[in-house]
Enquirer: 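If you scroll down you'll find the structure; I have some questions about it.
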Amino acid sequence: MGARGPLKLAPVGENQVDKASAAAMVAPQQPDKPTGLPIEVSELWDEIVPVLAEAGLLSEADSMTVEMALRHFSLARRVSNELIEQGVVVEDKRHGGQEAKSPKAQILKDNSSAFLEYAKQLGLSFAARSRMRGDERGSQEEEDNPFALH
């Protein structure tokens, strides 16, 4: 293997984005709603995304993350309603009619967990919001952070 040669880095001060430009790049912006969403997910999008965008929690790049969060939420809600109506215990015909936990309980658990993971990424948890920039408490650590947009 041969020598790699000198690094081609711009000297400090060159090619740096000013703070206003950097802030504009990450400014909150409502993502476009994907086409072809199921009706239930589309309705959730119309209900939730404007609120998240207004709160400054979204950018254009969050479209797929929001979509997946809403898909998991929609499934969890639907299965939860079915479990409430039908009960968590079902007759297991493969094992002589014994009572067993409904498989829908696992579907609810899986989709709820997936939604909560997406929700954390989108800043929808109490903990995520407490760590967000602009927290009224303010911190010296944030002011000293060279990567934070001020």
Side-chain angles (χ1 to χ4, degrees), residues 8-10 14-150:
K8 297 177 183 174
L9 298 175
E14 288 185 27
N15 296 328
Q16 289 187 355
V17 178
D18 67 354
K19 289 181 182 180
S21 297
M25 287 190 294
V26 295
Q29 189 170 10
Q30 183 169 327
D32 295 329
K33 181 172 28 172
T35 58
L37 291 177
I39 292 170
E40 189 175 337
V41 176
S42 180
E43 289 172 353
L44 286 170
W45 182 285
D46 294 339
E47 180 182 337
I48 294 170
V49 169
V51 175
L52 297 178
E54 186 177 323
L57 297 174
L58 298 178
S59 75
E60 271 188 286
D62 292 325
S63 179
M64 291 180 284
T65 304
V66 172
E67 178 183 352
M68 289 307 298
L70 295 178
R71 284 178 180 272
H72 286 291
F73 176 78
S74 175
L75 284 169
R77 176 189 272 176
R78 187 178 326 138
V79 172
S80 175
N81 289 339
E82 290 173 10
L83 285 169
I84 290 169
E85 291 171 10
Q86 300 165 4
V88 178
V89 177
V90 296
E91 182 182 322
D92 186 354
K93 295 176 183 171
R94 292 183 300 174
H95 295 96
Q98 295 177 350
E99 289 185 341
K101 185 176 178 181
S102 172
K104 291 179 181 181
Q106 187 63 45
I107 295 170
L108 172 62
K109 181 179 178 183
D110 291 345
N111 283 285
S112 295
S113 296
F115 169 73
L116 290 173
E117 287 302 314
Y118 283 109
K120 288 179 208 173
Q121 296 302 315
L122 292 167
L124 301 179
S125 70
F126 297 113
R129 284 193 304 273
S130 72
R131 291 188 295 267
M132 294 178 96
R133 187 182 180 320
D135 188 355
E136 292 178 10
R137 292 175 281 147
S139 72
Q140 186 63 36
E141 181 180 311
E142 186 175 296
E143 291 175 16
D144 294 339
N145 181 354
F147 301 105
L149 296 174
H150 299 288

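In this chain, residues are counted from 1 in sequence order. Because the structure is predicted, anything quoted here is derived from the model rather than measured. Computation of the quantities below employed the complete heavy-atom set of this structure, encompassing side-chain atoms and omitting hydrogens, waters and symmetry-equivalent molecules.
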Enquirer: Output yes when a side-chain donor or acceptor of Asp62 lies under 3.5 Å from a complementary backbone atom of Ser59, and no otherwise.
Expert: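 At least one qualifying donor-acceptor pair exists.
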Enquirer: Do Leu52 and Leu57 have side chains that get closer than 4.5 Å, going by heavy atoms?
Expert: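 Yes, side chains in contact.
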Enquirer: Pro31 and Glu60: which non-hydrogen atoms are nearest, and at how many Å?
Expert: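 That would be CB-O, 3.7 Å.
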Enquirer: Scan residues 112-126 for pairs that pass salt bridge (charged side-chain N to carboxylate O under 4.0 Å, His left out), counting only residues two or more places apart or in two chains.
Expert: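 Those involving residues 112-126 are Glu117-Lys120.
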Enquirer: Can you name the side-chain hydrogen bond (donor to acceptor under 3.5 Å, both in side chains) partners of Lys109, sequence neighbours left out?
Expert: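 With neighbours one apart ignored, the set is empty.
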Enquirer: My understanding is that only residues two or more places apart in sequence, or in another chain, count here; which of them pass salt bridge (Lys or Arg N to Asp or Glu O under 4.0 Å) with Lys101?
Expert: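 For Lys101, no residue satisfies salt bridge (Lys or Arg N to Asp or Glu O under 4.0 Å) once neighbours in sequence are set aside.
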Enquirer: Output every pair passing ring-ring contact (aromatic ring centres under 6.0 Å, His included) with a member in residues 55-79, not counting sequence neighbours, ordered by first then second residue.
Expert: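 Only His72-Tyr118, Phe73-Phe115 qualify under ring-ring contact (aromatic ring centres under 6.0 Å, His included).
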Enquirer: Taking ring-ring contact (aromatic ring centres under 6.0 Å, His included) as the cut-off, I'd like each qualifying pair that reaches into residues 29-62, sequence neighbours left out, listed once.
Expert: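 Listed by first then second residue: nothing to list.
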Enquirer: Using side chain to side chain contact (heavy atoms under 4.5 Å, CB included) as the criterion, list what pairs up with Asp92, not counting sequence neighbours.
Expert: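 Asp92 satisfies side chain to side chain contact (heavy atoms under 4.5 Å, CB included) with Arg94, His95, Ala100 only.
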Enquirer: Mind checking whether Pro34 and Met64 have side chains closer than 4.5 Å, heavy atoms only?
Expert: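 When only atoms from C-beta onward are counted, Met64 and Pro34 do not touch, as no gap falls below 4.5 Å.
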Enquirer: Taking distance alone, no hydrogens or angles, what donor-acceptor pairs closer than 3.5 Å link side-chain atoms of residues 76-87 to residues at least two apart or in another chain?
Expert:
| residue | atom | partner | partner atom | Å |
| --- | --- | --- | --- | --- |
| Asn81 | ND2 | Arg77 | O | 3.4 |
| Glu82 | OE1 | Lys104 | NZ | 2.9 |
| Gln86 | OE1 | Lys104 | NZ | 3.0 |

Enquirer: Looking at residues at least two apart in the chain, or sitting in another chain, which of them share a side chain to side chain contact (heavy atoms under 4.5 Å, CB included) with Leu116?
Expert: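 Once residues adjacent in sequence are excluded, Leu116 has no partner under the side chain to side chain contact (heavy atoms under 4.5 Å, CB included) criterion.
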Enquirer: So, using side-chain hydrogen bond (donor to acceptor under 3.5 Å, both in side chains) as the criterion, who are the partners of Gln121 when residues are at least two apart?
Expert: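 Testing Gln121 for side-chain hydrogen bond (donor to acceptor under 3.5 Å, both in side chains), a comparison that skips the adjacent residues, returns none.
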Enquirer: How would you list, by chain and number, every residue that makes a side-chain hydrogen bond (donor to acceptor under 3.5 Å, both in side chains) with Ser42, sequence neighbours excluded?
Expert: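 Partners of Ser42 under the side-chain hydrogen bond (donor to acceptor under 3.5 Å, both in side chains) test: Lys33.
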Enquirer: Would you please name every residue forming a side-chain hydrogen bond (donor to acceptor under 3.5 Å, both in side chains) with Ser74, sequence neighbours left out?
Expert: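 If we apply the side-chain hydrogen bond (donor to acceptor under 3.5 Å, both in side chains) test to Ser74, skipping adjacent residues, the hits are Glu40.
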Enquirer: With side chains defined as the heavy atoms from C-beta onward, is the minimum distance between Leu44 and Leu37 less than 4.5 Å?
Expert: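 Leu44 vs Leu37: side chains apart.
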Enquirer: Please list, chain by chain and in numerical order, all residues satisfying side chain to side chain contact (heavy atoms under 4.5 Å, CB included) with Glu54, sequence neighbours excluded.
Expert: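 Residues passing side chain to side chain contact (heavy atoms under 4.5 Å, CB included) with Glu54: none at all.
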Enquirer: Decide yes or no for Ile107 and Leu75: does some side-chain heavy atom of the first lie under 4.5 Å from some side-chain heavy atom of the second?
Expert: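 Counting from C-beta outward, Ile107 and Leu75 never come under 4.5 Å.
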